[in-house]
Asker: 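Sharing a structure, written as structure tokens. Questions coming.
Protein chains get the first letters and strands the later ones, always in sequence-line order, with residue 1 at the start of each.
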Amino acid sequence: MTLIAMTEPSTDKPSGGSETLEAARREKLRKIRQLGIDPWGQRFDNHAPIGEIRAREGEIVVESAGDCATGRPPQAHGPEVRAAGRIVLQRKAGKLIFLDIRDWTGQIQLLIGKKQVGEENWALAQCFDLGDLIGVDGELSRTRTGELTIFARDLHFLSKSIETPPAKHKGLQDPELRQRMRYLDLIHSEGVLGRFLHRTKIVQSIRNTLAAERFVEVEGPTLHAIAGGAAARPFTTHHNALDIDLFLRIALELHLKRLLVGGIERVYELGRVYRNEGISPRHNPEFTMLEVYQAYGDYGTMMELTEKLIVEAIRATGQSLKLPWGESEMDFSTPFARKTYDELFLEHTGVAADDVPGVTQYAYDCGLDTAGKHIDVIKNEVFEAKVEDRLTGPVFVLDYPASICPLTKRKAGNPAIAERFELFIQGMEVANAYTELNDPDLQEELFSRQLEGLAAEDSMARMDHDFIRALRHGMPPAGGLGIGIDRLVMLLTDSPTIREVILFPLLRPEAEG
RNA sequence: GAGGCUGUAGCUCAGUCGGUAGAGCAACGGACUUUUAAUCCGUAGGUCUGGGGUUCGAGCCCCCACAGCCUCACCA
């Protein structure tokens with residue numbers, strides 16, 4: 001170990017303000033160095049997760065109980081343990097110090113007695129602040145009041161914190177600080193770490209389920225010359241050597257379908273897409289999307305897969321199929337409800353979906369602008385305004401008007417209906433799936449028609465000729481599925497906003513100085 | 001992009017009618033070998049988000065800017 005005896009910057013101001021809170025910590029850091037100890041720590045092997053240490057409670061042998069009245073300590077012996085963690089609470093009582101340390105598996109109390117640890121360790125313990133990382137060797141036992149405690153025999157200093165942690169019980173409350181300083185939020189806010197670990201379990205479960213179904217994960221390009229596969233504004237960037245403008249991808253679809261043509265019969269990508277749109281409790285400009293394609297399947301195949309993916313993900317988080325959502329409860333027992341678009345339209349508006357004058361009148365009464373719009377577009381605006389919010393689900397909405405689905409195969413015998421479903425839960429679109437369109441001539445025609453309508457508004461949209469060329473080589477009939485992972489995680493972790501399930505959501509940069 | 005709400009000590013929050021800026025936690029000094037939101041005694045800590053205005057006087061009223069949250073729009 002190297003002894004470092006450099007002078008820390010100090011301030012002459014009296015104690016209390018933010019600079020002097022730091023100065024007090026730097027003074028302790030200096031004292032730690034004076035003791036010949038590196039305040040930034042060293043490798044620390046063979047410590048057990050605190051959760052595992054707590055699980056060894058049963059190994060404690062009680063020889064005689066303590067007595068609060070006489071102050072006689074209990075005679076109990078437990079296993080020798082080694083732990084590492086962050087100091088989150090500290091109570092000093094004369095020549096005893098009670099500390100609570102926390103790691104990512106749990107929290108446990110430490111008892112440091114002056115006599116028990118010796119002069120050097122005691123001097124080191126005088127330099128502890130809330131937020132410091134320490135290691136401890138000691139005996140796992142219980143205090144007189146029965147609290148599971150590591151009775152310290154030896155202390156190790158692992159890292160100094162020179163910043164003051166937030167209020168010890170309330171933690172960080174300001175939503176802006178919680179997002180900007182997610183590291184503090186993870187340490188000090190109830191349930192935050194667990195929620196993000198659940199997110200990881202959900203994503204792992206999805207990969208496991210797909211692997212068990214023999215799907216192959218691939219990595220498509222995120223830089224696209226043409227941003228296709230969805231109707232959204234892309235972010236633009238530039239490649240210097242080629243001197244071309246590029247777009248960050250807005251969807252995974254068109255490259256995965258090329259791979260379907262290439263013979264990768266069951267293929268998926270789980271990755272980030274970017275849309276240059278507004279921010280809301282349900283939208284972040286970058287979000288995680290799963291897209292799955294299965295040759296020789298259709299949207300019915302994808303419906304079964306969707307149920308399997310979600311049910312397995314719920315199991316992976318250790319929850320039952322009845323999940324809390326705020327004050328209410330959701331039931332993910334399979335099969336999920338299946339209702340057609342037209343059924344739901346009638347149910348929620350009282351107007352039959354094929355009643356053209358009726359739908360138009362209803363839209364007008366809702367204050368929607370109907371002038372010059374295709375009836376299916378009007379119908380869908382009504383559906384989005386009046387039906388979607390009320391779908392608490394989970395419910396599969398089946399069979400959409402074909403004219404609003406440019407990438408979807410039409411129903412055999414009814415070209416006005418597209419074989420598409422969307423899964424709605426709590427008014428949110430969580431999944432979207434098609435029987436994929438594989439007719440290159442029809443695909444080209446639908447793209448052209450779509451581009452006409454968008455020309456002025458969305459000059460980014462361009463015909464992807466290479467995608468059409470790929471289809472011309474023969475794409476198998478297939479089912480395709482997209483799932484918004486962030487929204488699924490919201491639902492499975494009872495999180496009302498997307499920012500609670502994205503570690504670092506987009507924020508405006510902090511002002512300088 | 002539009003509207004509403006919010007911004008006070010490191011953190012969490014009070015601040016009355018416009019009249020000298022408050023508390024708890026954290027910090028500093030002291031007491032305490034079984035505490036657990038430890039307790040007790042004492043000390044210190046403020047560009048009231050920033051800028052301008054009204055006023056004898058502004059944390060408070062008005063205007064502008066910045067940031068966050070909510071609703072809407074775009075979108076999944």
Asker: So, using side chain to side chain donor-acceptor pair (under 3.5 Å) as the criterion, who are the partners of A/Ser205 when residues are at least two apart?
Answerer: none
Asker: Could you tell me the separation between the CZ atom of A/Arg282 and the P atom of B/A76, rounded to a whole number of Å?
Answerer: 15 Å
Asker: Separation of A/Lys114 atom NZ from B/U34 atom C1', in whole Å?
Answerer: 18 Å
Asker: Can you classify the ring geometry of A/Tyr274 versus A/Phe235 as parallel (below 30°), tilted (30 to 60°) or perpendicular (above 60°)?
Answerer: perpendicular
Asker: Check RNA chain B against residues 418-430 of chain A and give the residues with a non-hydrogen atom under 4.0 Å, in numerical order.
Answerer: A/Glu429
Asker: Dot-bracket for RNA chain B, please. Rules: Watson-Crick or G-U, both distances under 3.5 Å, ( ) within the strand, [ ] when a pair crosses earlier ones, | for another strand, . otherwise.
Answerer: (((((((..((((.....[..)))).(((((.......))))).....(((((..]....))))))))))))....
Asker: Please determine, for the side chain of A/Leu96, which listed nucleotide (B/C74, B/G68, B/U33) has the closest atom?
Answerer: B/U33
Asker: What's the gap between B/A37 and B/A26 when it is taken at their C1' atoms, as a whole Å value?
Answerer: 13 Å
Asker: From B/U33, B/C74, B/A37, pick the nucleotide closest to the side chain of A/His169?
Answerer: B/A37
Asker: With a 4.0 Å cutoff (strictly under), does any side-chain N or O of A/Lys28 reach OP1 or OP2 of B/C28?
Answerer: yes
Asker: Between A/Arg508 and B/G68, does any side-chain N or O lie under 4.0 Å from OP1 or OP2?
Answerer: yes
Asker: Select one nucleotide: of B/A76, B/U71, B/A38, the one nearest the side-chain heavy atoms of A/Pro281.
Answerer: B/U71
Asker: Atom CD of A/Glu27 and atom C1' of B/A44: how far apart are they, to the nearest Å?
Answerer: 17 Å
Asker: Can you sort out the partners of A/Arg275 under salt bridge (Lys or Arg N to Asp or Glu O under 4.0 Å), two or more places apart, ordered by chain and number?
Answerer: none
Asker: Mind checking side chain to side chain donor-acceptor pair (under 3.5 Å) for A/Tyr341 and listing every partner two or more places apart, or none if nothing turns up?
Answerer: A/Asn380
Asker: Check the distance between B/A31's P and A/Ile97's CD1 and give it to me in whole angstrom.
Answerer: 14 Å
Asker: Sequence neighbours excluded, which residues qualify as salt bridge (Lys or Arg N to Asp or Glu O under 4.0 Å) partners of A/Glu286?
Answerer: A/Arg272
Asker: Output yes when at least one side-chain N/O atom of A/Arg25 is less than 4.0 Å from OP1 or OP2 of B/A26, else no.
Answerer: no
Asker: Between atom CG in A/Leu21 and atom C1' in B/A44, what is the gap in whole Å?
Answerer: 11 Å
Asker: When the C1' atoms of B/A67 and B/A23 are considered, how many whole Å apart are they?
Answerer: 27 Å
Asker: Who passes side chain to side chain donor-acceptor pair (under 3.5 Å) against A/Arg487, sequence neighbours left out?
Answerer: A/His283
Asker: Using the C1' atom as the reference point in each nucleotide, state the distance between B/U8 and B/C48 in Å, no decimals.
Answerer: 4 Å
Asker: Considering residues at least two apart in sequence or located in another chain, which fulfil the salt bridge (Lys or Arg N to Asp or Glu O under 4.0 Å) criterion with A/Glu59?
Answerer: A/Arg56
Asker: On the nucleotide B/U35, are OP1 or OP2 found under 4.0 Å from the side-chain N or O atoms that A/Arg91 carries?
Answerer: no
Asker: Quantified in whole Å, what is the P atom distance between nucleotide B/A9 and nucleotide B/U49?
Answerer: 8 Å
Asker: Distance under 6.0 Å and angle within 45° of the ring axis: does A/Arg420 meet both against A/Tyr434?
Answerer: no
Asker: Looking only at the side chains, is there a donor atom on one of A/Tyr299 and A/Glu419 sitting less than 3.5 Å from an acceptor on the other?
Answerer: no
Asker: Can you check the A/Asn380 CG to B/A76 P distance for me, whole Å?
Answerer: 11 Å
Asker: Give A/Gly113 one of three labels, base, sugar-phosphate or nothing, depending on what nucleic acid heavy atoms sit under 4.0 Å from its own.
Answerer: nothing
Asker: Please output the side-chain donor-acceptor pairs of residues 163-171 of chain A that fall under 3.5 Å, not counting sequence neighbours, one pair per line with the distance.
Answerer:
none

Asker: Can you tell me how far C1' in B/C69 sits from the matching atom in B/G46, rounded to whole Å?
Answerer: 26 Å
Asker: Between A/Leu130 and A/Gln109, which has a closest nucleotide on RNA chain B that is more 5'?
Answerer: A/Leu130
Asker: Using the C1' atoms only, state how far B/G7 lies from B/C13, rounded to an integer number of Å.
Answerer: 13 Å
Asker: Using a heavy-atom cut-off of 4.0 Å across all strands, would you classify A/Lys170 as base, sugar-phosphate, or nothing?
Answerer: sugar-phosphate
Asker: Using nucleotides 22-24 of chain B, report all nitrogen or oxygen pairs with the protein that are shorter than 3.5 Å.
Answerer:
none

Asker: Taking the C1' atom in each of B/U55 and B/C63, what is the distance between them to the nearest angstrom?
Answerer: 16 Å
Asker: What contact category does A/Thr497 fall into here, base, sugar-phosphate, or nothing, at under 4.0 angstrom with non-hydrogen atoms?
Answerer: sugar-phosphate
Asker: Output yes when at least one side-chain N/O atom of A/Lys168 is less than 4.0 Å from OP1 or OP2 of B/A38, else no.
Answerer: yes
Asker: Could you give the CD1-to-P distance, from A/Ile279 to B/A73, as a whole number of Å?
Answerer: 17 Å
Asker: Would you say that more than 12 heavy atoms from the other residues, nucleotides or ligands in this model lie under 6.0 Å from the CD of A/Gln126, or not?
Answerer: yes
Asker: When the distance from CG of A/Leu89 to C1' of B/A38 is rounded to whole Å, what number comes out?
Answerer: 11 Å
Asker: Quick one: do A/Arg153 and A/Asp137 make a salt bridge, cutoff under 4.0 Å?
Answerer: no
Asker: Quick one: side chain to side chain donor-acceptor pair (under 3.5 Å) partners of A/Asp174, sequence neighbours excluded?
Answerer: none
Asker: Going by heavy atoms in the side chains, are A/Ile314 and A/Leu323 under 4.5 Å from each other?
Answerer: yes
Asker: Which value, in whole Å, describes the distance between the P atoms of nucleotides B/G57 and B/A44?
Answerer: 32 Å
Asker: Starting at the 5' end of RNA chain B and moving along, which residue's nearest nucleotide shows up first, A/Arg275 or A/Thr164?
Answerer: A/Thr164
Asker: Measure from the ring centre of A/Phe98 to the centre of the six-membered ring in the base of B/A38, then say whether that distance is under 5.5 Å and the planes meet at under 30°.
Answerer: no
Asker: Is it true that A/Glu147 and A/Arg142 have a side-chain N and a carboxylate O under 4.0 angstrom from each other?
Answerer: no
Asker: May I ask you to say whether A/Glu500 pairs ionically with A/Arg195, meaning some side-chain N is under 4.0 Å from a carboxylate O?
Answerer: yes
Asker: So if I take residues 171-193 of chain A and measure heavy-atom distances to RNA chain B, which residues fall below 4.0 Å?
Answerer: A/Gly171, A/Leu172, A/Gln173, A/Asp174, A/Pro175, A/Glu176, A/Leu177, A/Gln179, A/Arg180
Asker: Name the orientation class of the two ring planes belonging to A/Phe447 and A/Phe467 (parallel below 30°, tilted from 30 to 60°, perpendicular beyond 60°).
Answerer: tilted
